[in-house]
Every structure is written in structure tokens, then in C-alpha cells.
Amino acid sequence: MNRRVVAVLLSGALLAAGTTGCGIPRFSEVRVDGPGPVGEAGSVNGRNREPPSRGASGSDSAAFVRNFLAAAAGEPNRAYERVVQFIAPEDRNRIQAKQGSDFAVNVVRLLDDPVTTVNPQGTTGEEATFSVRVTVQQVGLLRANGTLAPPVATEAQYQFDLRGAAPAGSGDEDAGYYVVDPPSTLLLSVEALREYYQPSTIYFWNSDQTRLVPDQRYLPLAVPRERRVTEAVGWLTDGPSEWLTPTVTRLPDGAQLINNATETDGRWEIDIAMSGEDGTKLDRLVTQLAWSLPDIDGPLELKVRNQTRRTIPSAAEHRRAHPVYQLRQDPQRFCVYEGAVRPLAFLGEVSGTDPVAPEDNRTVVSAGLSRAGEQILAALVVADGRRQRLAVGSGAAPVRVVARSAASYTSIGRPVWLKTPDVRGAHGLVVADGELHRFDTHAQLTPVPLIVPGPVTAVAAALDGHRIALVVDGRLYVAAVSVDGDGVTVGPTRPVPTSLTALSAVDWAGESRLVLAGAQGQPAVFEVSVDGAGAEVALRTDLGAKVTHLATYPDNPVVPFTRSPVMYEANRVTWAGPPLTQVLREQVQGVGPADADARPGSPTAPFFLY
């Protein structure tokens, strides 16, 4: 086909079928995530995948543009080399080569199909050139250590030209194209990120060395299998992602991997140089390695300067014996019904009992409960005339409320506890009158300053107790939190790009996934990634009313819950699923028969206890 004809057809043709996603989301209804790449030949199970070469697209200009936005994928030390092969020789000096720690790629989400027009008087005389305009959302900066940092670039559009790679009049249309006047930075589409990288989670100990905190990275699928363990251990020795730095601990001083990790008959050896090692540090390190290397199930030997320090016969068994989260039983669903916290009954699930003492379980507007060992932490938003207060208690169920906030507020959001194994020193977060507050077991509310301006709408806490998600001025953010005897400190907020607008509620769906309520033309509920790079999965797009309460149980490797639970309230009606169905009065436990002369109430403010 003539290149000029192909170019005219390019607009609208770049939307390709299917992507290789970054893991399977718990929910799978409508996916809304913009243009996606066409699958191509690769290794078995999507492993050892290299991005396509410049000539792979032949005369297909749409495929060439797509491949150009994937060329930077793969091992960082060859990214510049791969990209410049797509650039016209006379323009290759427009892109600056960066190596090592300076390496970074701008990850972008295409908001629409690239718009392509023909320039009849092109740079090659008789040969036409094509102008391409790409409209994008900046997602992040992918670094050599696999982290996806917040974006630095602010461009909403990129423009460049294409010209044939073969000399004019040669008739060699399959020679493909070159990019003329290219962008000055390396670009990578989110579709290419999912196609050529594997999301990987490594773990760092929190500041008091009591819990592990997840840190998501991206591993190029071009990295050979035998080197992937080495890459993950290198990430650990290099340190945590920037946004987690305030709340986690680096490896012991001077920790550095010696040579590559090696495997012999299923037994992995990892040799690290570090100073000040002792028995406790080594025990923590081997647990950190076991969780950060989930593909290793068999023996794992930790060496320090070639001397064996710890050996575990089974990494899989070590993970079971040292769970990353202190969960002991399945989650239970609750709601507020006629001013009281009540358990909900769902087929195939364990239903709870009333968690709050009857004398305190009154005038409740919303609630947040959390298990801490054998006890329960309870935070209730209760009505006080036309205003609201926070009521707090802890202990064995049914919990007695022992403290109420001194101040009252016009509106208080759903309170959340920062997960902890002990009620002593427990803290939580809550939005009151548009500001974020921390609270303790004495119901003392203290404002928490944020670096981003605007009213705070919602807050949600991750299962590790050290990461939170926030909705501020209708936008999504995440931040690390540190907990000490004096309270809670929130680190710098990191924006999370998403296609939704007018956000109203958020909760954690897993270690690196969030459930988010907002709008795409009309109110909707989506599952999104914690960094904005993953697929956006629509749970429901036809709500008809803004979501006021949203709750889910986060997927985790310790106590998974295969029913994929999510619950939300919109227009004082509660839904649960998927498949999303209305929660009925008959599912509320501990409620007597409905009065024939009175209109029965509706379950509201749903939440999970775990």
C-alpha cells in the first residue's frame, strides 16, 4: 500500500486490540485505558520480550508510531541506542544520551489516537512526509532502578514528522520510516510499559523494624531469567523509592551485592557486603529477601562477604512462617443501619456479630473498625444535633466507646485506622470539615498539614499501615506516613494521574491498586494503580449519583479473599460486588421484623473489618 494512503488512514487506526496487562486485576468488567498495542511474537509466557526494531513495522506507519513509543523499553543501558535507530540520522543529536542513575524515560498515556497529516512537500523532495501529533497525559519518570517517579515533563502534546527510510524513488516501501524533528526526551507509552515490563514488589522494613512496606518496581522482560533475582536484590541495596523514604529503613550501612545471585539445583545464593551485621539484622534481611523474591520457593542462602550467615530450606515456608501482614481471619462486612453499626450477611462469607456495645451503638453516621491482635479498634462518627463528633473505643467485642472528640464538626468522613498489631499507641486518620486530621484512642483530633492546597475529601490507609491515599481538591494522591508516640506524620504527597475527574472516595484494593470513585461524564467507580501507570478497570460507569462511601478489602498474599469485595454508597443506597448488586435490608443482621406502618431504612456507610 502507498505510504501516502497509509498516512491518511492512520488517524483512528492506532487503537489496537489487546494489551498484555501488568497483572490480572481483581475486578474485570469494562476496561477504559486508551489505545493499546498489538501483540507480537515473543518468548513463551511473555518472558524475555524485546521491543520491536525500527524496521519491524515495514510500510505500516501506525505500527511505526506505536513501536517508536515502545523503543525505550527494555534494559536501560540500551534504551538510547534503541530509540536513535528510529530517528533520522541528521536529527539524532537532538536526544541526549543518559546512562546509569541519570537514565529516565517519560511514561505517557495516550489520550487519543495520534493525529497524522500529509505534508506533500516533504524534506525528501518528491517523497511526502507525515506530521504526527500525540496528545498525552504525563504519568511518570521511569528510572533505571525500576521506580516510577512523579512526572517532570508538563507537555500535553508532542509533535514530530515521519519520512521514508528508503531514498526517494527507490520503490522500497518496506524500508519503513524515520522520525524527523523528534521530541527531545525518551518517551514510553503506558501500553509499552505493560507489554515489556513486569511489575515487581520489593519490601523494606518500616522505621521501627516491625513491619514490611511494599515498594513497586518495573522489571524489563528483556532481562534474562537468571539475572532477575540479581536485579531485585540490587533494588534493595540501592534503597527505597523516594516517596517511601520517610517511613522505611534502608539495608544496613554499606550493603552491596557481590557479583550476581546464583542458582544451583534450585538453591539460590546471595552474597552481600555490609557492615555492622548482627543476628537480628540478618534475620530481618533474610525475611525481606524471601518476600521480595516471590519466585523463589526453595532453598535460599544468604552470605556476607562469601561467608554463609543464614540458610532457609524453603523460601515459601519462610514466608508462611513470617507473614508480611498480621491477618488471621477473613474480613467481615458491616454497615450503618438506622444509626447503628450492624453486620451484613453474604452467601458463602463469615458474618460478624455486633462489634459495638449496644449503649454506644447509637446515632452513628459512619464507622471505621480494625483488628489489632485479639482486640478491635473502633472509631464512630456520631451525630450531635446538627453537627458530628468522633467517638473512639478499643477492646474485645462488643467495644465500649470511652472517648469523644472535644470539638464538633459540620461533617466528618469515614475514619480509618493505621493498621497495627497492638491497640497501645494506635492512631487513625479522618477528614473533618475538609481538613485531614489524625486521632488517637482518646479521640483527640489534630490537623495534619499537607503540601497540596485544597479541601480534602477522603483518606484511605493501606494494609501495611504506612501508605495512604487521599482525594484533595478532586485529585488523587498517595503519601507515606510515619507513626510514633507523638502521632502521625504524613510525608510529601505524590499525585496519581487518572482519567477520572471530580473524585469523591478512595480505598486500597491491594498492595499497588486502588478503588476510586469519580466521574467519566457521569459518576463511576474504577480500579486504578497506585502510580497511575496500570490499566484503569471500570467497575461501574452508570451510577447516576456521586459515591459518598467506598470500601474494599485489599488483596494480599496472606489472607486472600477470592470474592473480590467492594462496597459503595450512592444516593443512600449501598451496593456490593462485583457483580454489583444492591444490599438489602434483609442482609442486615440483628434487626427485627420491619414495621408494617413504617418505611424500612436502608443500609448505608458500608465498611470491612479485618
Using modelled atom types only, decide if a donor and an acceptor are shared between the side chain of Arg400 and the backbone of Gly395 within a distance under 3.5 Å.
-> no

Please state whether the rings of Phe334 and Phe607 are parallel, tilted or perpendicular, taking 30° and 60° as the class boundaries.
-> parallel

Under 3.5 Å, is there a donor-acceptor pair between the side chain of Arg475 and the main chain of Leu470?
-> no

About how many Å separate CG of Leu380 and CG of Asn361, when rounded to the nearest 0.5 Å?
-> 7.0 Å

Test log, rule side-chain contact (heavy atoms from CB on, under 4.5 Å), inputs Leu289 and Val233 | CA-CA 8 Å; Leu289 289 169; Val233 177; 4.1 Å; yes

Test item: Trp205 and Thr287 side chains (from C-beta on) under 4.5 Å apart, heavy atoms = yes

Would you find a donor on one side and an acceptor on the other, under 3.5 Å apart, between the side chain of Asn556 and the backbone of Pro554?
-> yes

Roughly how far apart are His427 NE2 and Gln444 CD, rounded to 0.5 Å?
-> 9.0 Å

Counting only heavy atoms not in Arg217, do more than 12 sit closer than 6.0 Å to its CZ atom?
-> yes

Any donor and acceptor pair, going by atom type alone, linking the side chain of Asp215 with main-chain N or O of Ser241 inside 3.5 Å?
-> yes

Can you tell me if Ser482 uses its side chain to pair, donor with acceptor, with the backbone of Pro246 under 3.5 Å?
-> yes

Rounded to the nearest 0.5 Å, the CD1 atom of Ile412 sits from the CG atom of Leu445 at a distance of 6.5 Å

Would you say the side chain of Pro415 lies within less than 4.5 Å of the side chain of Ser366, judging by non-hydrogen atoms?
-> yes

Can you tell me if Arg250 uses its side chain to pair, donor with acceptor, with the backbone of Thr245 under 3.5 Å?
-> no

Cation over ring, Arg333 on Phe346, under 6.0 Å and within 45°?
-> yes

Any Leu539 side-chain heavy atom under 4.5 Å of Val566 side chain | yes

Verify, without hydrogens or angle tests, whether Trp243 (side chain) and Pro492 (backbone) share a donor-acceptor contact under 3.5 angstrom.
-> no

Here the gap from Arg371 atom CZ to Gln332 atom CD, rounded to the nearest 0.5 Å, amounts to 4.5 Å

Around atom CD of Glu317, are there more than 12 heavy atoms of other residues, nucleotides or ligands at under 6.0 Å?
-> yes

Under the side-chain contact (heavy atoms from CB on, under 4.5 Å) criterion, do Leu463 and Leu327 qualify, and how do the steps go?
-> CA-CA 10 Å; Leu463 195 55; Leu327 297 171; 3.7 Å; yes

Is there a donor-acceptor pair closer than 3.5 Å between any side-chain N or O of Lys419 and the backbone N or O of Tyr610?
-> yes

Are Asp507 and Thr552 close enough that a side-chain donor and a side-chain acceptor fall under 3.5 Å?
-> no

Closest approach of Val515 and Ala509, non-hydrogen atoms and distance?
-> CG2-CB, 3.7 Å

Check step by step if side-chain hydrogen bond (donor to acceptor under 3.5 Å, both in side chains) holds for Asp531 and Tyr218.
-> CA-CA 11 Å; Asp531 56 16; Tyr218 290 92; 2.6 Å; yes

May I ask you to test the Trp508-Leu514 pair for a side-chain heavy-atom distance under 4.5 Å?
-> yes

How about Thr498 and Glu536: does a side-chain donor come under 3.5 Å of a side-chain acceptor?
-> yes

Distance, nearest 0.5 Å, that separates CD of Glu511 from OH of Tyr325 | 3.5 Å

Give a yes or no on whether a salt bridge exists between Glu569 and Arg414, defined as a side-chain N under 4.0 angstrom from a carboxylate O.
-> no

Using a distance-only test with no angle check, is there a side-chain donor-acceptor pair under 3.5 angstrom linking Gln209 and Thr249?
-> yes

Does the side-chain hydrogen bond (donor to acceptor under 3.5 Å, both in side chains) test come out yes or no for Thr247 and His466, once each step is laid out?
-> CA-CA 7 Å; Thr247 194; His466 288 283; 3.0 Å; yes

Check the pair Asp278, Thr280 against side-chain hydrogen bond (donor to acceptor under 3.5 Å, both in side chains), reporting the backbone distance first and the verdict last.
-> CA-CA 6 Å; Asp278 57 33; Thr280 300; 4.5 Å; no

Please test Gln329 against Val559 for side-chain contact (heavy atoms from CB on, under 4.5 Å), starting from the C-alpha separation and ending with a verdict.
-> CA-CA 7 Å; Gln329 54 186 296; Val559 182; over 6 Å; no

Heavy-atom side-chain proximity of Leu285 to Ile272 below 4.5 angstrom | yes

Asp484 (side chain) donor-acceptor with Gly487 (main chain) under 3.5 angstrom = yes

Hey, is Arg438 close enough to Asp440 for a salt bridge, meaning N to O under 4.0 Å?
-> no

Would you say the side chain of Asp422 lies within less than 4.5 Å of the side chain of Gln326, judging by non-hydrogen atoms?
-> no

Do the charged groups of Asp271 and Arg305 touch, with an N to O distance under 4.0 Å?
-> no

Kindly check if the number of other-residue, nucleotide or ligand heavy atoms within 6.0 Å of CD (Glu301) is above 12?
-> yes

Assess the side chains of Gln589 and Ser351: does a donor N or O sit below 3.5 Å from an acceptor N or O?
-> no

Verify whether the ring centers belonging to Phe204 and Trp291 lie closer than 6.0 Å.
-> no

Please examine the side chains of Arg342 and Asp354, heavy atoms only from C-beta on, and report whether any two atoms are closer than 4.5 Å.
-> yes

Is Phe608 close to Pro565 at the side-chain level, that is, under 4.5 Å between some pair of heavy atoms?
-> yes

Hey, what do you get for CZ (Arg467) to OG (Ser512), rounding to the nearest 0.5 Å?
-> 7.5 Å

Do Asn260 side-chain atoms and Thr230 backbone N/O form a donor-acceptor pair below 3.5 Å?
-> no

